[in-house]
Participant: 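Quick one: this structure, given as structure tokens, is what I'll be asking you about.
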Amino acid sequence: MTGIPEKPTLDGIEDRWADQWERDGTYRFDTSAVRDQVFSIDTPPPTVSGELHMGHVFSYTHTDLVARYQRMAGKTVFYPMGWDDNGLPTERRVQNYYGVRCDPHEQYVEGFEPPFRGDPPKKHQAVPISRPNFLELCDELVEMDEQVFEELYRRLGLSVDWTQHYATIDARSRRVSQQAFLENVRRGEAYSQEAPTLWDIDFRTAVAQAEMEDRERPGAYHEIPFQLTDGSGSLNIKTTRPELLAACVAMVAHPDDERFQPYFGTTVTVPLYGQTVEVKAHELAQPDKGSGIAMICTFGDTTDVTWWRELDLGMRPIIGRDGRLHTEAPDGVDAAAYARIAGKYPNQAQREVVEHLREEGLLIGEPEPIQHPVKFYERGDRPLEIVTSRQWYIANGGRDAELNAAMVARGTELTWHPGHMQHRYDNWVEGLNGDWLISRQRFFGVPIPIWYPLDADGEPDFDAPLLPDVADLPIDPSTDVPDGYNADQRDQPGGFTGETDIFDTWATSSLTPQIAGHWGEDDGLFARVYPYDMRPQAHDIIRTWLFATVVRSHHEHDCAPWTHAALSGWILDPDRKKMSKSKGNVVTPMGLFEQHGTDAVRYWSASARPGIDTAFSEDQMKVGRKLANKLLNVSKFVLSIGAVDGHVPSESADLDADVTEPVDRSMLAKLDAVVAEATEAFEAFDYARALERTESLFWWFCDNHVELVKNRAYGTNDDTAGQASALAALRSAIATFQRLFAPFLPFATEEVWNWWHNTSVHAESWPVPTALGGDAALLDPVIEVLTLIRRAKSEAKVSQRAAVDRVSVAAPNETHDAIRSAHADLAAAGTIAELEIVEGDVVACDIDLAAT
RNA sequence: GGGCGUAUAGCUCAGUUGGUUAGAGCGCUGCCUUCACACGGCAGAGGUCACAGGUUCGAAUCCUGUUACGCCCACCA
């Protein structure tokens with residue numbers, strides 16, 4: 001208990017209380033709690049990029065509001081924190097920070113010193129280093145970044161239990177990730193397959209459907225004739241990718257398209273390259289697109305893959321993993337013609353093919369420019385190609401209707417906030433077109449824990465993978481050796497070989513509930529927190545993080561991973577565009593914390609309704625600052641009345657006996673209603689509503705009720721019972737407001753609470769309505785009269801303290817009792833000598849100002 | 001092409017099952033240097049609730065349609 005300060009201030013309270021909370025373990029999870037007492041949160045692990053941006057502040061505050069409410073409402077809150085440091089963003093950051101690049105062919109260098117630590121010059125050529133050296137640098141940088149992040153999150157006032165923390169690349173995450181995958185393999189939910197796959201030619205890795213996005217790109221229709229092999233004419237196609245003519249394996253048109261029905265089953269010759277292909281029918285062919293008949297190539301797009309599979313066509317792959325056309329012509333393709341494009345990138349090959357077509361007179365008309373959507377890896381710079389390779393998949397309902405229905409059903413088990421976000425989930429699940437591709441041909445990530453036996457020729461047997469023992473996890477198959485083999489049998493005929501791929505980052509982060517809850521390591525803890533109560537996250541990763549987590553939970557635990565999914569919106573800049581670095585309009589949170597105070601920044605976040613994209617607004621932060629300041633000052637004022645040496649006399653427990661005045665009971669009745677509303681709102685995760693109701697009554701309380709009763713509270717009228725009533729009601733109200741605001745303004749409320757308590761406000765119980773049964777409406781006509789008196793003084797341009805000789809209040813009969821009950825308070829608040837009440841249709845005042 | 005969301009004061013937004021004169025904050029105007037707060041207080045001006053129909057005694061709220069903006073999804077020939 002610090003007592004009431006002479007001059008309350010918000011300056012410096014963040015560091016003081018953040019340190020205190022850490023010392024006291026205020027937010028520590030009680031591991032002995034039973035499940036019913038626990039509120040568990042599957043916190044999003046932010047990508048550790050070295051800086052916190054406003055989007056983090058915004059959404060993490062939302063989660064913290066709910067966590068703080070639940071804690072005060074009596075729950076033990078499991079609020080862990082994770083860092084997502086696994087995957088491409090870290091690889092990129094390591095490359096840029098140290099001026100290196102990973103080349104698996106390089107030899108490991110003991111004690112390697114990178115050329116730079118931070119900001120290599122722009123013209124610096126990245127130094128190739130081995131994979132182990134690269135991973136060491138990843139670990140080093142991640143550790144530095146995480147320290148910076150933790151400081152920022154503490155400064156934001158998150159009530160996280162920092163002892164419950166994890167990183168998606170740490171040993172526990174690797175173990176959980178590998179163990180869950182091996183369970184998937186054993187149950188047949190995970191499998192490897194050689195198949196056409198979306199492929200980023202720059203990152204040289206396979207890409208999942210969820211990481212793919214459409215971008216509008218210019219292209220052009222090239223009209224090209226295919227000669228019928230019986231010489232009876234030609235069929236013309238329009239294609240945007242003439243460079244794939246050499247990969248053509250068939251033509252296709254819609255089965256009902258009368259223009260092409262006569263040709264189904266006949267053959268044509270591919271121009272330039274001479275291979276003979278058949279004309280096929282398939283419903284996916286669209287009669288109104290292009291010329292109505294298309295060529296099928298292996299592979300130009302995902303429709304080609306579908307056609308190839310369903311029509312059981314042959315394969316003529318021409319694009320390699322490096323994005324270049326193969327140097328050798330595929331089967332049946334004219335080698336001399338192909339030589340002109342061999343080894344080129346697709347865009348170069350296209351120019352060459354068009355030139356070639358022109359030379360041969362096989363281009364009908366000029367290419368017709370169009371804008372069309374092209375698939376990109378969301379982090380990539382060049383269009384995705386489709387390359388055949390062996391990859392690992394987890395069944396997610398993309399190929400199995402029954403599983404798909406089960407995944408949709410899991411979505412209905414969740415309570416979505418806001419509810420309409422479920423549509424996005426349904427949309428995504430129902431639109432899946434394949435299983436979840438989890439293997440990546442990258443370096444920094446969790447290794448796929450699999451080996452393959454090699455036959456006498458040294459060829460791996462992919463159908464009989466060697467699995468490690470769960471007790472040995474985590475493992476790295478590139479250095480660890482499977483049971484029954486010796487290290488020197490690695491990559492030898494009759495020996496074994498390790499899987500070189502790693503898991504996609506989502507394959508690990510889809511297990512955050514299991515990682516944070518110590519699944520497979522502390523079953524008691526896991527049972528206390530799982531399924532979690534809440535998954536907070538951004539709505540743009542429903543199709544990735546949210547869906548993937550549901551998939552893993554469905555397979556492993558046969559339930560939904562949480563009961564509530566709370567989706568937060570985005571920050572928009574004042575032009576209503578999504579805030580982004582490239583636009584140069586990102587503001588750093590630390591500067592805002594320092595300028596406005598953390599509580600003020602949190603206030604801005606808290607005033608945004610759940611799931612709604614929200615404009616960045618420093619004005620809102622100023623309002624929050626004002627609110628925090630007001631809370632300090634009104635607390636000081638109220639608590640100072642009747643205080644001794646800055647200390648408030650201990651509270652009487654018996655409000656019923658102390659609060660006797662109808663006016664005071666009316667105020668507490670209004671507060672009761674707000675407590676009920678705020679509680680109801682928080683139970684529905686609507687923190688913004690709770691704030692708005694609380695704040696609205698708070699200002700009314702400061703401006704009206706305090707002003708009305710302060711003279712009685714001072715005891716200026718020698719009304720002892722009235723004074724006791726006023727003081728008890730004021731202190732009760734202040735105690736309630738301080739707790740109602742605690743989730744929103746954790747620093748300011750802790751500051752004022754400690755003036756008169758020895759406990760943390762964040763460990764206090766959430767307010768419940770009093771049992772006084774006051775008449776909430778009683779004060780309304782009273783305050784109306786007070787406002788009229790103020791208006792009269794304002795219009796007369798005199799001070800609000802100016803004395804009034806006489807006021808005649810005209811008011812409807814039914815309000816007379818109420819106004820009479822506040823007669824003395826009104827007279828004192830308005831400095832009125834004589835106040836009379838007469839009948840009238842509406843409340844009105846006739847005021848005689850005293851002569852000055 | 002399918003789906004979802006939003007549209008209320010100059011700006012940012014509330015408005016809970018349809019119910020008197022549509023609310024708040026910021027900004028703006030005027031006033032008060034008041035003994036909790038000038039990082040303050042009091043008061044005031046400001047709205048055809050996107051548009052068009054419909055249901056109803058009564059619509060910002062429900063229904064239909066239209067427009068604008070944003071987002072998600074979709075097989076890109």
Side-chain angles (χ1 to χ4, degrees), chain A residues 4 7-10 214-217 219 221-222 237-241 244 251-253 282 284-286 289-297 300-307 370 372-375 383-384 418 420-431 433 539-540 542-543 569-570 572 574 576-578 596-597 600 604 607-609 611-617 619-620 622-623 625-641 677 680-681 684 686 688-689 692-693 695-696 699 702-703 706-707 710 787 790-802:
Chain A
I4 304 160
K7 184 76 187 163
T9 177
L10 295 169
D214 285 350
R215 297 182 199 165
E216 280 290 325
R217 283 297 140 109
Y221 277 137
H222 301 75
I237 61 152
K238 284 186 174 179
T239 180
T240 57
R241 301 203 63 183
L244 295 179
M251 292 186 85
V252 66
H282 195 280
L284 279 183
Q286 293 179 31
K289 208 157 198 173
S291 61
I293 186 164
M295 63 171 177
I296 302 174
C297 305
D301 59 40
T302 52
T303 319
D304 280 342
V305 178
T306 306
W307 281 326
I370 55 161
H372 65 153
V374 178
K375 295 217 179 303
L384 289 169
H420 65 80
M421 288 295 176
Q422 191 181 345
H423 293 297
R424 300 205 183 178
Y425 177 89
D426 292 345
N427 244 332
W428 175 255
V429 177
E430 284 162 6
N433 57 26
H539 58 63
D540 56 333
I542 289 174
R543 69 176 183 174
W570 278 332
L572 308 175
R576 313 298 302 171
K577 298 281 193 292
K578 189 190 172 191
H596 303 287
W604 159 71
S607 56
R609 298 211 108 68
I612 305 296
D613 292 348
T614 300
F616 175 78
S617 166
D619 283 347
Q620 273 299 99
K622 288 177 186 162
V623 175
R625 175 79 175 186
K626 195 172 135 176
L627 176 66
N629 207 38
K630 190 73 172 182
L631 182 66
L632 255 60
N633 282 299
V634 78
S635 294
K636 180 195 169 188
F637 179 56
V638 165
L639 297 176
S640 294
I641 304 171
E677 274 187 280
E680 191 185 339
D686 192 351
R689 183 174 181 79
E692 184 213 284
R693 307 308 302 173
E695 188 188 6
S696 168
W699 285 105
C702 294
D703 295 343
V706 172
E707 291 301 322
K710 69 180 180 186
T787 302
R790 285 169 174 165
R791 182 181 303 162
K793 291 183 179 181
S794 193
E795 280 169 0
K797 305 198 174 189
V798 299
S799 159
Q800 291 296 324
R801 265 188 7 177

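In what follows, chains carry the letters A, B, and so on, assigned in the order in which the sequence lines appear, proteins first and then strands, with residues in each chain numbered from 1.
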Participant: How many Å lie between CD on A:Glu430 and P on B:rA74, as a whole number?
Facilitator: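 In whole Å, B:rA74 P and A:Glu430 CD are 12 Å from each other.
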Participant: What does A:Glu680 touch in the nucleic acid at a heavy-atom separation under 4.0 angstrom: a base, only the sugar-phosphate, or nothing?
Facilitator: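 Nothing, no nucleic acid heavy atom in range.
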Participant: As a test of your reading of the structure, name each stem of RNA chain B as range with range, where a stem is three or more consecutive Watson-Crick or G-U pairs at under 3.5 Å.
Facilitator: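 The stems that RNA chain B takes part in, listed by first number, are B:1-7 with B:67-73, B:10-13 with B:23-26, B:28-32 with B:40-44, B:50-54 with B:62-66.
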Participant: I'd like to know whether A:His282 forms a side chain to side chain contact (heavy atoms under 4.5 Å, CB included) with A:Thr303, so could you lay out the CA-CA distance, the side-chain angles of the two residues, the decisive distance to 0.1 Å, and finally the verdict.
Facilitator: CA-CA 11 Å; A:His282 195 280; A:Thr303 319; over 6 Å; no
Participant: Using the C1' atoms only, state how far B:rG65 lies from B:rC26, rounded to an integer number of Å.
Facilitator: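 After rounding to an integer number of Å, I get 37 Å for this pair.
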Participant: Give one of base, sugar-phosphate or nothing for A:Arg791, where a contact means two heavy atoms less than 4.0 Å apart.
Facilitator: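 Counting heavy atoms under 4.0 Å across all strands, the contact made by A:Arg791 is with sugar-phosphate only.
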Participant: What is the distance, to the nearest angstrom, from the CD1 atom on A:Ile542 to the C1' atom on B:rG3?
Facilitator: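 Whole-Å distance recorded here is 13 Å.
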Participant: Would you list the protein and nucleotides 27-32 of chain B atom pairs, both N or O, that sit under 3.5 Å from each other?
Facilitator:
from	atom 1	to	atom 2	distance (Å)
B:rG30	N2	A:Ser794	OG	3.1

Participant: After noting the C-alpha distance and the side-chain angles of A:Trp699 and A:Lys626, does the key distance pass the side chain to side chain contact (heavy atoms under 4.5 Å, CB included) rule?
Facilitator: CA-CA 11 Å; A:Trp699 285 105; A:Lys626 195 172 135 176; 4.0 Å; yes
Participant: Using the closest heavy atom to pick a nucleotide of RNA chain B for each, name whichever of A:Asn633 or A:Trp699 lands nearer the 5' end.
Facilitator: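 With A:Asn633 and A:Trp699 compared, the 5'-side residue is A:Asn633.
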Participant: By the 4.0 Å heavy-atom rule, please label A:Thr240 as base, sugar-phosphate, or nothing.
Facilitator: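 Here A:Thr240 touches the backbone only, sparing every base.
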Participant: A:Asp304 near the nucleic acid: base, sugar-phosphate alone, or nothing, with a heavy-atom cut-off under 4.0 Å?
Facilitator: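 Since no nucleic acid heavy atom lies under 4.0 Å of A:Asp304, the category is nothing.
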Participant: C1' atom, B:rG25 versus B:rU64: distance in rounded Å?
Facilitator: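 One C1' to the other, the span is 36 Å.
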Participant: Suppose you measure atom C1' in B:rA14 against the same atom in B:rU56; what distance do you get, rounded to whole Å?
Facilitator: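 The same atom, C1', in both gives a distance of 26 Å.
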Participant: Using a heavy-atom cut-off of 4.0 Å across all strands, would you classify A:Thr787 as base, sugar-phosphate, or nothing?
Facilitator: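 Sugar-phosphate, backbone atoms only, no base.
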Participant: Using a distance-only criterion (donor-acceptor N/O pair, under 3.5 Å, no hydrogens), is the base of B:rA36 paired with the side chain of A:Glu707?
Facilitator: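 Indeed, a donor on one side and an acceptor on the other fall under 3.5 Å apart.
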Participant: Please check if the side chain of A:Lys793 supplies one atom and the backbone of A:Ala802 the other of a donor-acceptor pair under 3.5 Å.
Facilitator: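 Yes; judged by distance alone, with no hydrogens or angles, the pair exists.
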Participant: How is A:Val374 classified with respect to the nucleic acid when contacts are heavy atoms under 4.0 Å: base, sugar-phosphate, or nothing?
Facilitator: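 Contact class for A:Val374: base.
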Participant: If the P atom of B:rU66 is compared with that of B:rU20, how far apart are they to the nearest Å?
Facilitator: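 About 31 Å, rounded to a whole number of Å.
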Participant: Grab the two heavy atoms, one from A:Trp604 and one from A:Phe616, that are nearest each other, plus how far apart they are.
Facilitator: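 Of all heavy-atom pairs spanning A:Trp604 and A:Phe616, the closest is CZ2-CA, 3.9 Å.
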Participant: Identify whether any heavy atom of A:Asp426 sits under 4.0 Å from a base atom; if not, whether one sits that close to sugar-phosphate; answer base, sugar-phosphate or nothing.
Facilitator: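 Result for A:Asp426 = nothing.
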Participant: Need to verify one output field. Residue with the more 5' nearest nucleotide on RNA chain B, A:Arg689 or A:Asn433?
Facilitator: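 Here A:Arg689 is the residue nearer the 5' end.
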Participant: Is any side-chain N or O of A:Lys7 closer than 4.0 Å to OP1 or OP2 of B:rA36?
Facilitator: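 Indeed not, no polar side-chain atom of A:Lys7 lies that close.
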Participant: How far, in whole Å, is B:rG53 from B:rU61 if one measures between their P atoms?
Facilitator: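 It works out to 14 Å between them.
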Participant: Determine whether a donor-acceptor pair (one donor, one acceptor, N or O, separation below 3.5 Å) exists between the side chain of A:Lys626 and the base of B:rC39.
Facilitator: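 A donor-acceptor contact between them is absent.
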Participant: Would you list the protein and nucleotides 4-10 of chain B atom pairs, both N or O, that sit under 3.5 Å from each other?
Facilitator:
from	atom 1	to	atom 2	distance (Å)
B:rC4	O2'	A:His420	ND1	3.3

Participant: Using a 4.0 Å heavy-atom cut-off, does A:Arg543 contact any base of the nucleic acid, only the sugar-phosphate backbone, or nothing at all?
Facilitator: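 Sugar-phosphate: the residue A:Arg543, judged by heavy atoms under 4.0 Å, touches backbone atoms but no base.
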Participant: Taking atom C1' in both B:rG23 and B:rG47, compute the distance separating them and give it to the nearest angstrom.
Facilitator: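 About 11 Å, rounded to a whole number of Å.
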Participant: Taking any heavy-atom pair under 4.0 Å as a contact, classify A:Arg609: base, sugar-phosphate, or nothing.
Facilitator: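 Sugar-phosphate, no base atom in range.
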Participant: Using a heavy-atom cut-off of 4.0 Å across all strands, would you classify A:Ala802 as base, sugar-phosphate, or nothing?
Facilitator: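 No contact.
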Participant: Please measure how far the C1' atom in B:rA68 lies from the corresponding atom in B:rU8, and state the result in whole Å.
Facilitator: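 Roughly 16 Å separates the two C1' atoms.
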Participant: Are A:Thr614 and A:Gln620 side-chain neighbours, meaning at least one heavy-atom pair lies under 4.5 Å?
Facilitator: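 No - every pair of side-chain heavy atoms lies 4.5 Å or more apart.
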Participant: For A:Asp613 and B:rU12, give me the distance from atom CG to atom P, rounded to whole Å.
Facilitator: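 To the nearest whole Å, that distance equals 14 Å.
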Participant: If I take atom NZ in residue A:Lys630 and atom C1' in nucleotide B:rG41, what distance separates them, rounded to the nearest angstrom?
Facilitator: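 Distance check: A:Lys630 NZ to B:rG41 C1' gives 7 Å.
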Participant: Classify the nucleic acid contact of A:Ile237 as base, sugar-phosphate or nothing, counting any heavy atom under 4.0 Å across all strands shown.
Facilitator: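 It contacts nothing in the nucleic acid.
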Participant: Rounding to the closest angstrom, what is the interatomic distance between B:rC63 and B:rC72 at atom P?
Facilitator: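 Each nucleotide's P atom is 26 Å from the other's.
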Participant: Send over the distance from A:Glu677 CD to B:rU17 C1', rounded to a whole Å.
Facilitator: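 Result: 14 Å.
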Participant: When you measure from the side chain of A:Ser794 to the backbone of A:Arg790, do you find a donor-acceptor pair of N or O atoms at a distance under 3.5 Å?
Facilitator: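 No; judged by distance alone, with no hydrogens or angles, the pair does not exist.
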